[in-house]
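Worksheet: one structure, shown below.
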Amino acid sequence: MEFHMEIRDLEYFIEVANHKNFTKAALQVHLSQTALSKAVKKVENELGFEILDRSTRELKLTDTGEVVYHQATKALSVLKDMPHLLGDLMKNTLKYL
């Protein structure tokens, strides 16, 4: 299975999961609630699974959503660390030139 989802859409999904509410998450990421909902739906369509249970007033992660949330959080953490690691590598490389 191959995925082509946007990193930004995963970030939006994480915000929704953290807030358990589209409106609060939309305020946090400065998007309309509709745009945020569409971004999360794109992730669900890409995966082929629902990742949010929208049947109650407070959003809940589905079992699949739990897995996606934890994996996306780890992946985004690694991506955010990359510039620091590369910066450290460049400092060490320049030290020996």
Side-chain angles (χ1 to χ4, degrees):
M1 191 179 292
E2 194 172 309
F3 300 114
H4 301 285
M5 65 187 72
E6 299 281 331
I7 292 170
R8 180 179 55 240
D9 292 337
L10 286 175
E11 291 173 327
Y12 294 157
F13 162 66
I14 290 170
E15 283 297 324
V16 171
N18 287 341
H19 290 282
K20 296 179 175 63
N21 182 292
F22 275 103
T23 304
K24 291 177 184 174
L27 288 171
Q28 183 70 33
V29 297
H30 309 289
L31 277 182
S32 70
Q33 185 176 340
T34 303
L36 187 58
S37 181
K38 285 180 182 178
V40 172
K41 198 66 174 161
K42 275 176 45 183
V43 173
E44 289 179 321
N45 290 339
E46 177 78 24
L47 296 171
F49 294 98
E50 287 189 0
I51 53 179
L52 291 173
D53 178 358
R54 296 167 175 88
S55 66
T56 60
R57 187 168 181 205
E58 185 176 271
L59 293 173
K60 295 181 181 176
L61 294 174
T62 62
D63 290 342
T64 303
E66 289 282 348
V67 172
V68 173
Y69 176 82
H70 292 291
Q71 293 301 311
T73 302
K74 282 196 264 185
L76 291 175
S77 176
V78 168
L79 289 173
K80 287 179 182 172
D81 284 346
M82 193 180 324
H84 302 293
L85 295 171
L86 293 174
D88 291 346
L89 179 64
M90 287 304 297
K91 287 177 190 170
N92 287 332
T93 302
L94 292 176
K95 204 182 329 183
Y96 296 109
L97 293 180

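Note that the numbering runs from 1 along the sequence shown for the chain.
- Among residues two or more places apart in sequence or in another chain, the salt bridge (Lys or Arg N to Asp or Glu O under 4.0 Å) test is passed with Glu44 by Lys41, Arg54.
- Residues Tyr12 and Val43 have side chains not in contact (no heavy-atom distance under 4.5 Å, counting atoms from C-beta outward).
- Taking the side chain to side chain contact (heavy atoms under 4.5 Å, CB included) definition, one finds that Asp63 meets it with nothing, sequence neighbours left out.
- Placement of Leu76 and Leu86 within a single hydrophobic cluster is found when ILVMFWY residues are connected by side-chain heavy-atom separations under 4.5 Å, directly or transitively.
- Listed by chain and number, the residues in a side-chain hydrogen bond (donor to acceptor under 3.5 Å, both in side chains) with Ser55 are Asp53 (sequence neighbours excluded).
- Side chains of Val67 and Phe49 form no contact here, defined as non-hydrogen atoms less than 4.5 Å apart.
- Of the possible polar contacts, none joining the Glu66 side chain to the Leu61 backbone as a donor-acceptor pair under 3.5 Å is found.
- The residue from Val16, Val68, Thr64 that alone fulfils the side-chain contact (heavy atoms from CB on, under 4.5 Å) condition with Leu52 is Val16.
- Separating the CG atom in Leu10 from the CD atom in Gln71 is a distance of 11.0 Å, to the nearest 0.5 Å.
- When the side-chain hydrogen bond (donor to acceptor under 3.5 Å, both in side chains) test is applied to Asn18, the partners found at least two apart in sequence or on another chain are Tyr69.
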Which donor-acceptor pairs under 3.5 Å do side chains of residues 24-40 form with protein atoms, sequence neighbours excluded?
residue : atom : partner : partner atom : Å
Ser32   : OG   : Ala35   : N            : 3.0
Gln33   : OE1  : Thr23   : OG1          : 2.9

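- Under the rule for a salt bridge (Lys or Arg N to Asp or Glu O under 4.0 Å), the partners of Lys42 that lie at least two apart in sequence or sit in another chain are Asp9.
- A single hydrophobic cluster is seen to contain both Ile14 and Met82, as judged by linkage of ILVMFWY side chains at heavy-atom distances under 4.5 Å, directly or through other members.
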